[in-house]
Amino acid sequence: MLKAGRIIALFCAIYALVPGAVRAQDSHSANEIPIERCDHLPVVRAHIGKTEVRFLLDTGATTVLNLKSFAGGQNREIHVTSWTGTTATSAREVSVSELSIGNHHLRDLKLPAIDLSPIGNACGGPIDGILGVDLLDKMEATIDLKRQVASLGAAPVDPKAAYDEMEKSMGHCTADFEQGKAEEFEQCLDPEIVFYTPDGEYRGRKQVLEYIQNHYFKFAPNLHYSMQVQDVQVFGNALWYSYEYQLDTPKAHKVGHGMAMCRETEGHWRILNLHNSVSVRAGEANP
């Protein structure tokens, strides 16, 4: 049995995104963080691990944690930047495994911690830290005090995680292909699929499925496929990757490389477009 999802690469390839293929940015609730007030000071809510924290926004300072809110860490000399300049001071350095704000997740941070209780006492509410320009810049944040929101840039996407998500979603397609289940496998194909092969170009589910039936399903379940991913990129709701592959049937042995693209629509990943080239092709039977 092949690894779930690997056969996907046989039926995906590079694709110039058609209109509407790229989904819109995440909802405003994910990209726009409400700005609250502690007296007149702007504050946003974030999470460190599973714990909710309240950070004072300060574009003229670097990020600092409240010593009273975080235990642990080691004392060391740090440099703190504010509107008055940069000053060397002694503070505790705290390791933060994950800081999340909206759709952004910042990991493996080392942040200074000093006593910020005077700020909380002055504004009349808890302050767990100052969210400064260093982290705001990483999140491509824009502060809109009139609208009372902090707008964040699009969160970076991990191509490997996106590929794993696609492979998990389309794992059943491998079994459908190996067993020649045409009706089930058709649901793995995007309605706008384009399949470029050494034998010609095939467009739409009907043409592509007919080609696959004539060239592969007739050998089911005696199909053997292996693939090595070379590069993965994410473009909106589309996933592109290049690969080397080997395909064996009772009548043919093929080795080559290809470029693939699949896209996610309505919560489902489907094969959108592909282009395969053949380096070695021997003993192939007529369709």
Side-chain angles (χ1 to χ4, degrees), residues 1-16 18 159-160 162-234 238-265 268-287:
M1 179 67 67
L2 303 180
K3 180 180 177 182
R6 284 191 172 180
I7 202 68
I8 298 167
L10 186 61
F11 302 105
C12 302
I14 191 167
Y15 175 73
V18 297
K160 182 181 183 302
Y163 180 86
D164 291 342
E165 177 189 342
M166 180 197 72
E167 187 176 60
K168 181 179 179 180
S169 173
M170 299 184 69
H172 67 95
C173 297
T174 300
D176 295 340
F177 176 84
E178 291 179 322
Q179 298 171 25
K181 295 182 177 180
E183 184 175 345
E184 290 83 348
F185 188 77
E186 183 178 9
Q187 301 308 310
C188 300
L189 308 178
D190 190 278
E192 299 176 344
I193 184 173
V194 181
F195 186 8
Y196 300 96
T197 78
D199 304 303
E201 177 182 319
Y202 302 87
R203 294 180 174 271
R205 281 176 171 171
K206 182 178 179 180
Q207 286 189 8
V208 172
L209 193 61
E210 287 178 353
Y211 178 87
I212 294 171
Q213 286 177 313
N214 291 335
H215 287 74
Y216 302 109
F217 282 176
K218 63 182 179 180
F219 299 121
N222 299 312
L223 304 176
H224 302 281
Y225 178 80
S226 62
M227 180 267 293
Q228 180 66 47
V229 175
Q230 302 296 316
D231 188 27
V232 180
Q233 299 292 334
V234 178
L239 180 69
W240 170 92
Y241 55 96
S242 60
Y243 54 89
E244 304 292 330
Y245 75 91
Q246 179 172 311
L247 173 67
D248 291 289
T249 73
K251 299 294 184 178
H253 170 75
K254 296 181 181 180
V255 175
H257 59 272
M259 292 178 290
M261 184 171 278
C262 299
R263 71 176 172 187
E264 183 186 21
T265 55
H268 298 284
W269 285 95
R270 294 184 175 91
I271 302 160
L272 176 63
N273 200 287
L274 76 137
H275 182 279
N276 282 335
S277 64
V278 179
S279 301
V280 177
R281 183 172 182 168
E284 183 172 12
N286 292 326

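Just so you know, these numbers come straight off a predicted model, no measurement behind them.
- Legend: residues meeting ring pair (Phe, Tyr, Trp, His ring centres under 6.0 Å) with F217, ordered by chain and number and at least two apart, are F177, F185.
- Under 3.5 Å, the side chains of D199 and Y211 contain a donor-acceptor pair of N or O atoms.
- Of all heavy-atom pairs spanning C262 and W269, the tightest one is O-CZ3, 3.6 Å.
- The CG atom of L239 sits 13.5 Å away from atom CZ of R263, with the distance rounded to the nearest 0.5 Å.
- With respect to K168 and D164, no salt bridge is recorded, no charged nitrogen being found less than 4.0 Å from a carboxylate O.
- Minimum heavy-atom separation, C188 to D176: SG-OD2, 4.4 Å.
- Counting only distance, with no hydrogens or angles, the side chain of S169 and the backbone of H268 share no donor-acceptor pair below 3.5 Å.
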(request) Walk me through it: do E244 and Q230 pass the test side-chain contact (heavy atoms from CB on, under 4.5 Å)? (result) CA-CA 7 Å; E244 304 292 330; Q230 302 296 316; 3.4 Å; yes
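- W240 places a side-chain heavy atom less than 4.5 Å from the side chain of D231.
- The local environment of CD in E183 is sparse, with at most 12 non-hydrogen atoms from other residues, nucleotides or ligands closer than 6.0 Å.
- Counting heavy atoms from C-beta outward, M166 and R270 have side chains that stay 4.5 Å or more apart.
- Ion pairing of K160 with E167 is absent here, as no side-chain N (NZ or NE/NH1/NH2) approaches a carboxylate O to less than 4.0 Å.
- Surrounding CD of E210 are more than 12 heavy atoms belonging to other residues, nucleotides or ligands, all under 6.0 Å away.
- Rounded to the nearest 0.5 Å, atoms SG (C173) and CD (E178) are 11.5 Å apart.
- Considering every non-hydrogen atom in both Q179 and A220, the closest pair reads C-CB, 3.7 Å.
- Here H253 contributes atom NE2 and Q246 contributes atom CD; the two are 4.5 Å apart, rounded to the nearest 0.5 Å.
- Scanning all heavy atoms of the two residues, the minimum distance from H257 to Y245 falls at N-CE2, 3.7 Å.
- When all heavy atoms of R203 and Y196 are compared, the closest pair comes out as NH2-OH, 3.8 Å.
- For the pair V194/E201, a side-chain contact is recorded, criterion being any heavy-atom separation below 4.5 Å from C-beta on.
- In this structure, the separation between CD1 on I271 and CD on Q187 is 11.5 Å, given to the nearest 0.5 Å.
- Across all non-hydrogen atoms, the minimal contact from Y216 to L223 is O-CD2, 3.6 Å.
- Taking CG of L272 as the start and CD of E192 as the end, the distance is 7.0 Å to the nearest 0.5 Å.
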(request) Test side-chain contact (heavy atoms from CB on, under 4.5 Å) on E165 and M170 and set out the steps. (result) CA-CA 9 Å; E165 177 189 342; M170 299 184 69; over 6 Å; no
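- Of the inter-residue distances, the one linking L209 atom CG with L189 atom CG reads 6.5 Å to the nearest 0.5 angstrom.
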